[in-house]
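Each ligand, and each atom within it, is numbered from 1 in the order the structure gives.
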Amino acid sequence: MAAKRGALIVLEGVDKAGKTTQCKMLVQALQQSGYPAEMMRFPDRSTTIGKLISAYLEKKSELEDHTVHLLFSANRWEMVPEMKRKLEQGTTLVVDRYAFSGAAFTSAKPGFSLDWCTRSDVGLPKPDVVLFLQLSPAEAASRGRYGEERYEDAAFQSAVLDRFRQLMDDSSVNWKVVDASGSVDDVHKDIALKSLDAIHAAQTQPLGELWK
Ligand code: NYM
């Protein structure tokens, strides 16, 4: 009999919400409970496209805004064959950012509609759950200064949060809000419970196509 497919679990949220820490903790907890699981992150800076994106984020290069948006999207599409293979083999993928960051960050720039920003990601593997780590701008600020990369300033992040809220109105995506203001362990427990639900549900449902 074919293995039950893994779940596609995405963590989203504004910067400083704790996504990367929580992704790592979740993968470890799932593995310890006997669920095959791996972490992925977008942008994946290791590929040729990812290196272009990384140089842009580090302000070592300039790219036209539509162009960099499409590169972020292409960086997801180039990973799709590997993602599908792993999911089919029964591995759950825990993904640090996905198309929602793509749409929220670009559409926070002047002149970009949310609709245009989602187009290039239509048809990507659809997450079984998107866990949105919610943190107010004031709480994010209390976690210390932003870094030096592009987009890391309070005004831009608050525009990004507005766009995430608009994306969360779309009921075709299984959004679950996680209060990220608690302790690392409490946030982890909430994420682990919600992820187990998604893993069990995924076993009886085919992988969907995002925004289609
Ligand atoms: N970002 C991330 C985008 O602007 N578009 C995307 O499609 C994705 C996946 O890149 N500020 C932005 C959000 C972050 C930055 O940072 C990546 P990190 O720390 O590698 O997650």
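- Atom 16 (O) of ligand 1 has as its closest protein heavy atom Arg45 NH2, 3.6 Å.
- Among protein heavy atoms, atom 3 (C) of ligand 1 sits closest to Phe72 CZ, 3.3 Å.
- Looking at Ser73 against ligand 1, nothing comes within 4.0 Å, counting heavy atoms.
- Note: no N/O pair closer than 3.5 Å links Tyr98 and ligand 1 by distance alone.
- Aromatic pair Phe72/Phe42: centroids not less than 6.0 angstrom apart.
- Heavy atoms of Lys19 stay at 4.0 angstrom or farther from ligand 1.
- Residue contacts with ligand 1 include Arg76, since one of its heavy atoms falls under 4.0 Å from the ligand.
- Shown in contact with Asp15 at under 4.0 Å from a heavy atom are these atoms of ligand 1, numbered in order with element: 11 (N).
- Under the 3.5 Å distance criterion, with hydrogens and angles disregarded, no donor-acceptor pair is assigned to the side chains of Asp179 and Gln134.
- With hydrogens and angles ignored, the 3.5 Å screen pairs a side-chain donor or acceptor of Lys16 with a backbone N or O of Arg145.
- Taking atom 15 (C) of ligand 1 as the reference point, the nearest protein heavy-atom neighbour is Leu57 CD1, 3.8 Å.
- Nearest to atom 19 (O) of ligand 1 among the protein's heavy atoms is Arg41 NH2, 4.0 Å.
- The aromatic rings of Trp175 and Phe164 sit perpendicular, their planes meeting at an angle over 60°, well past the 30° parallel limit.
- Under the 3.5 Å distance criterion, the side-chain polar atoms of Gln22 are matched with a main-chain donor or acceptor of Val184.
- For His66 and Phe112, the ring centers sit closer than 6.0 Å to each other.
- Here the heavy atom of the protein found nearest to atom 21 (O) of ligand 1 is Arg97 NE, 2.7 Å.
- Ring centers of Tyr151 and Phe105: under 6.0 Å apart, within the cut-off.
- Residue-ligand proximity, Pro43 to ligand 1, at heavy-atom distances under 4.0 Å covers atoms 2 (C), 9 (C), 17 (C).
- Of all the atoms in ligand 1, the ones that sit under 4.0 Å from a non-hydrogen atom of Phe42 are 9 (C).
- Of the listed residues (Leu11, Val95, Thr20), just one forms a side-chain contact (heavy atoms from CB on, under 4.5 Å) with Met39, and that residue is Thr20.
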